[in-house]
Amino acid sequence: MALPIKEIKKYNFYPSLRARACRVWIAKFNGQPRSFNCVFVDNQGGAIQGLAKARDLQTFASIIIEGNHYEIERFYTYENIAANTVTAHDAVIDLKSDTKITAIEPIQPYVPRYYFNFIDYAHIITKSKGSRILTDVLGRLKALQPLEQVMVRGQMLENKREFMLENTHGEELRITLWGDSARDFDEFALRNLPSPVIIAFAGFHVTEFKGNLNFHLIFFLKKIFQIFIANRTNSSFILLKKKFYSQGKPNLKGTAASLWYFNPDIPECSTYTQFFAQVPIEIQQIPSSPNAVLSIEKQIKENRRTIREILCMNPYEHKHLRFTCQALIVEFDFPNGWWYPSCPKCNKKLSGGENNYTCMDHNAITSLPVPWFRLECIVTDGEDVANFLLFGKIAESFFGSSAHHYVYDKKFIDPLVIPPAMAAKLNKSMIFQLRFRDFRSTTNRCEIIITNIFDDTTNKNIHPLETPPTEAKSSTRSETSTPLSSKKQVLIGPCTSQNTVTQFRIAPNSLETPSQNISPNKETSLNYKARRTLDFEAIAQQISHEDECGNAIEAQGNLGNIDTSDTFNHLLLPLKKQRKTSSSSSKEN
DNA sequence: CCCCCCCC
């Protein structure tokens, strides 16, 4: 009796397993192959991942070919605890140099060639969002974006390429490839395929993009709601809102385990092919993102404006314009505090006060509020003065720490008292990348929002892991970071009445522990996202080594060779509709 | 990883 995969236990030894290798991939990290991976499937509903570390990678890659059948002899298993995993199996097969792999005849009864677990577009968020079990989807390739580079975390450029899939109900689904897989995606393979092109994307991580709700409308709706149904919790309002607006759109993000197959030979695919054979279809081109960049250098010079020029721009005519300005911050202005308590799920401001925090979108919160930056920078370019709004992730990068870290870990709880490390950012020449806020205020001028900050003295991005001067610790700093504190400052002649800090209070000592109203021992319940950038000392040590190994270097190295839309148009022209269905499947990675 | 997140 052959061993059923479902009965395999973790931390055990098995003499033999016969199965089909339905998926094979090599996981890469920063472009370097790290492990050989496969999914073994049997005919009793079982699937288990096999993994070989880098040392044995080539050996197994040359033996185990996707689609073929094998006997695996003398193997151990361990626990499947990976953050992302393709199978839900408790165990992983440890492929080591003494594991014997032999090709065998196809096992009977038949095991399907592909191992997929497709999810309906409509249920992706409820079933798969945030799940460590990766998700597979199938669809017609409706649109494709040229390879582009975007700034991520205000810190580095990364390759990105987007796809729009469509199912037979006309629903759309957005897929995003990042890094190496975005760069390596084979457009030429697409060019040779007849239309419609059906793609199976396998092994993707599901996230939710915020719905593009109209704030005006929601605000108005809520007021009306409160007037007519007073003294209720707003849960009814949330239900009402969800009825009218989708709560967000799923976005499938590529992982190291992601694969894709063009026109795979599976029953679901024929359904698609037949359905879309009725109408002429071409693959559309997704326009480049507004935030796509060619290089940091170009970005820094992009649409340079003086403050005078900015103040004379009509915000509503330049809603989508990104522009830059060289200036220095002379003061921070935060009448409502430099941080506010935000919803752990969406970072919107919580109302209701300390004992009754309520999110407009998510009602009562289940974990501690997440402190979130929001403050204005009073800036000058030597001629004029303006207010630039700084919040969220950009502020985190700029200050080198999350507001969460300052408030919970460093105990700078008073929102009206600013930590010294933040004040140390004043009076240094910077390049601000800016845009106008898409909100028509009835009272104020349109806010000018900071979307990125660059160090003017080095023309590099300001590294988010910079160690603040008050807590200097330089020995572990990476080669690629560009700490402002170590660079010569270029000061521009002041034109405001003051360029020193007098308008806000600075906490006297970073080590001081003011009376606190937030319990620090609840930290473990805090959401991971907010904790990511928490501690610059610890993370600087951890990351500096990785950076030296090529992380940032690779990002720099990619700056020169970016696909253009022109090239892309050219490529897609031949992708006209044809009747023939290709069964040739192709894969990457 | 990109979207938004604040304010009225």
Side-chain angles (χ1 to χ4, degrees), chain A residues 30 145 147-162 174-182 205 207-220 222-223 245-256 286-293 320 322 333-351 359-362 369-376 387-397 402-404 415 435-452 464 527-530 532-533 551-552 555:
Chain A
N30 289 336
Q145 190 181 45
L147 182 66
E148 66 182 28
Q149 299 206 311
V150 295
M151 187 65 66
V152 295
R153 293 197 274 270
Q155 176 185 358
M156 60 174 181
L157 289 173
E158 187 60 283
N159 292 319
K160 172 169 127 7
R161 187 201 286 278
E162 291 202 356
R174 182 175 148 169
I175 315 280
T176 309
L177 292 183
W178 289 94
D180 297 327
S181 55
H205 186 77
T207 57
E208 182 181 0
F209 267 26
K210 301 282 183 268
N212 209 5
L213 300 186
N214 183 318
F215 188 87
H216 270 110
L217 199 50
I218 292 297
F219 191 77
F220 175 76
K222 183 161 188 181
K223 286 289 169 214
Y245 305 93
S246 64
Q247 53 197 123
K249 292 180 174 173
N251 181 238
L252 269 62
K253 189 182 67 161
T255 68
I286 301 173
S288 295
S289 315
N291 52 350
V293 293
H320 304 293
R322 191 176 57 188
D333 192 15
F334 44 95
N336 300 317
W338 55 272
W339 66 277
Y340 65 91
S342 83
C343 169
K345 287 182 181 157
C346 68
N347 295 116
K348 281 182 184 160
K349 189 179 184 183
L350 295 168
S351 56
C359 172
M360 187 171 149
D361 287 353
H362 299 96
V370 175
W372 208 243
F373 282 116
R374 184 195 189 276
L375 68 167
E376 296 209 18
N387 279 32
F388 294 165
L389 181 59
L390 179 62
F391 64 85
K393 293 276 177 237
I394 306 300
E396 280 186 12
S397 294
S402 62
H404 178 282
R435 68 178 170 88
F436 289 110
R437 175 161 209 75
D438 184 16
F439 170 73
R440 185 175 277 275
S441 168
T442 50
T443 51
N444 305 316
R445 74 160 287 125
C446 238
E447 280 157 333
I448 304 159
I449 295 170
I450 299 174
T451 58
N452 224 327
N527 93 335
Y528 169 72
K529 206 169 157 186
R532 267 192 302 106
T533 43
N551 194 351

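Because only heavy atoms are used, hydrogens play no part in the values below, and waters and symmetry mates are left out as well, while side chains stay in. Since we're looking at a predicted model, the values are computed, not measured. In what follows, chains are A, B, ... by sequence order, proteins preceding strands, each numbered from 1.
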Grab the [atom1]-[atom2] distance between [X] and [N] for me, whole Å please.
X	N	atom1	atom2	result
A:Leu389	B:dC5	CG	P	13 Å
A:Ile450	B:dC6	CD1	C1'	13 Å
A:Glu447	B:dC4	CD	C1'	15 Å
A:Glu208	B:dC5	CD	P	13 Å
A:Ile449	B:dC7	CD1	P	13 Å
A:Lys253	B:dC1	NZ	P	3 Å

Full working for side chain to side chain contact (heavy atoms under 4.5 Å, CB included) between A:Ile394 and A:Phe373: CA-CA 9 Å; A:Ile394 306 300; A:Phe373 282 116; over 6 Å; no

State whether the distance check finds a donor on one side and an acceptor on the other, under 3.5 Å, for side chain [X] versus base [N].
X	N	value
A:Asn251	B:dC2	yes
A:Arg161	B:dC2	no
A:Trp178	B:dC1	no

Worked check of salt bridge (charged side-chain N to carboxylate O under 4.0 Å, His left out) between A:Glu158 and A:Lys253: CA-CA 14 Å; A:Glu158 187 60 283; A:Lys253 189 182 67 161; over 6 Å; no

Distance-minimising heavy-atom pair for [X] and [Y]:
X	Y	answer
A:Leu375	A:Leu389	O-CD1, 3.7 Å
A:Ala182	A:Leu177	CB-O, 3.4 Å
A:Phe436	A:Ile448	CE2-CG1, 3.8 Å

Touch class at under 4.0 angstrom, heavy-atom based, for A:Lys349 against every strand present: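 Sugar-phosphate, no base atom in range.
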
Sugar-phosphate only, base, or nothing, as touched by A:Phe391 at under 4.0 Å among non-hydrogen atoms: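 Since a base atom lies under 4.0 Å of A:Phe391, the category is base.
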
Which nucleotide in the list [options] gets nearest to the side chain of [X]?
X	options	result
A:Arg437	B:dC2, B:dC7, B:dC1	B:dC7
A:Phe209	B:dC6, B:dC2, B:dC5	B:dC2
A:Asn347	B:dC3, B:dC1, B:dC5	B:dC5

